[in-house]
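A quick write-up on the structure given underneath.
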Amino acid sequence: MERWADYKALGGKLVRVRLREEQGQIRSIRITGDFFLVPEESLGKLEKMLEDAPLREEELRLLVNRFFRGTGAQGLGVSSDDFVKAILSAQEV
Amino acid sequence: MTETWRLIDLEYRDNPFMNMAVEEAIPRAVGEGKSPSTIRFWHNSNTIVLGCFQSAKLEVNMDACKETGTEIVRRFTGGGAVYHDSGNLNYGISLRKDHPLVPGQNLQSVFEKLSEGSVQGLRKLGVKAEFQPVNDIQIDGKKVSGAAGSIRWNTVFHHGCILVNSDLSILEKVLNVPKAKLEDRHVASVQKRVTTVRDELGRDVSTREVRDAIVDGIQSCYGVGVESGVLTKEELGLAEELYQTKYSRLEWNLEP
């Protein structure tokens, strides 16, 4: 099932999530928006890490935090918490 | 000794794809130590410039772009979509990562520091410009400029566009502004929360006048000199390559 979210981050930027869910797991996910993230190429790594992840807060938080720690990526206008909340707020379309 | 920045006035007004290729070639060359600290000014004819993380499908009204002859190009930096026309002045600053003006590797500090020259330039013209985090310059609460940037290729790169005398009415036609973006600003439209230098000064003003004021602002606030220069052969070659392999391509500009 397809799920979408347009989530306004606390830092003021928009995180737009489009994901495909099967049996409570993310099968594919695309994150777009007007935030900043350096290095820019790292967003693809985050999307990759989220594939097959369960749509549950605890696991998502762990993965997103692991992404930031592992890549040394820097977000601006968006935080790891915003990515998690954006994904969790995705509604069925 | 005072450092002298290279000042580049090179543009391809009707080729936004080449403009963006040059925009990437310069910081790459600066980071490699092959080119000096550089400020570039340029214009696009009507064009939407998307942030590198944005979805063209979600952000752009394709039909309106066709009707108005608006091109769509994606930049290599994050942030939001902006509409460019010839009344919009673009600038890009490339400094090596270890340049004394670079305030560490925090992108927010970089935006603030490297917006100072434009803020000061606009103030010299007589408007009350101020930097507004995350990446805007505002006049009395209305956005007149947005910036974006990156830290890569051993370079700190900062670019921004200044609405000098742009046609704001097209902006709302060609961009789909998500409701979530407007909600917390208590305004019903983009047009009401952005302004132009012309409207704030209450007189006609050219992008050249604003460019000259920013050059002054940069010199006074960073204590550097500025001297007109041209792209190196290597930068031009790289720009042409980036044009062919990246910026002229639909898959870069329109996907995802």
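Below, chains carry the letters A, B, ... as their sequence lines are ordered, and counting in each starts from 1.
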Stepwise side-chain contact (heavy atoms from CB on, under 4.5 Å) check, A/D34 with B/E59: CA-CA 10 Å; A/D34 62 352; B/E59 308 293 339; over 6 Å; no
Would you say that B/Q54 contacts A/T32 through its side chain, given a criterion of any heavy-atom pair below 4.5 Å between the two side chains? no
By a 4.5 Å heavy-atom criterion (distance strictly below it), what part of B/L50 contacts chain A: side chain, backbone, both, or neither? neither
Counting only non-hydrogen atoms closer than 4.5 Å, does B/N106 touch chain A with its backbone (N, CA, C, O), its side chain (CB onward), both, or neither? both
So for A/L43, is it side chain, backbone, both, or neither that comes closer than 4.5 Å to the heavy atoms of chain B? side chain
So that I can tick it off, tell me whether A/R30 and B/E255 are bridged by a salt bridge, with the cut-off set at under 4.0 angstrom between side-chain N and carboxylate O. no
Aromatic ring pairing A/F35/B/F53, orientation class (parallel under 30°, perpendicular over 60°, tilted between): parallel
Between B/T77 and A/E40, a side-chain donor and acceptor under 3.5 Å: no
Gap separating the SG atom of B/C52 from the CG atom of A/L37, nearest 0.5 angstrom: 8.5 Å
With a 4.5 angstrom heavy-atom cut-off, is it the side chain or the backbone of B/A148 that approaches chain A, or both, or neither? both
Against chain A, label B/F76 side chain, backbone, both or neither, depending on which of its atoms sit under 4.5 Å from a heavy atom there. backbone
Please check this pair: side chain of A/Q74 against backbone of B/Q105, looking for a donor-acceptor N/O pair closer than 3.5 Å. yes
Test A/R18 against B/K57 for side-chain contact (heavy atoms from CB on, under 4.5 Å), laying out the working first. CA-CA 12 Å; A/R18 304 291 182 262; B/K57 212 190 292 173; over 6 Å; no
Verify the neighbour count for atom CD of A/E41: are there more than 12 heavy atoms of other residues, nucleotides or ligands below 6.0 Å? yes
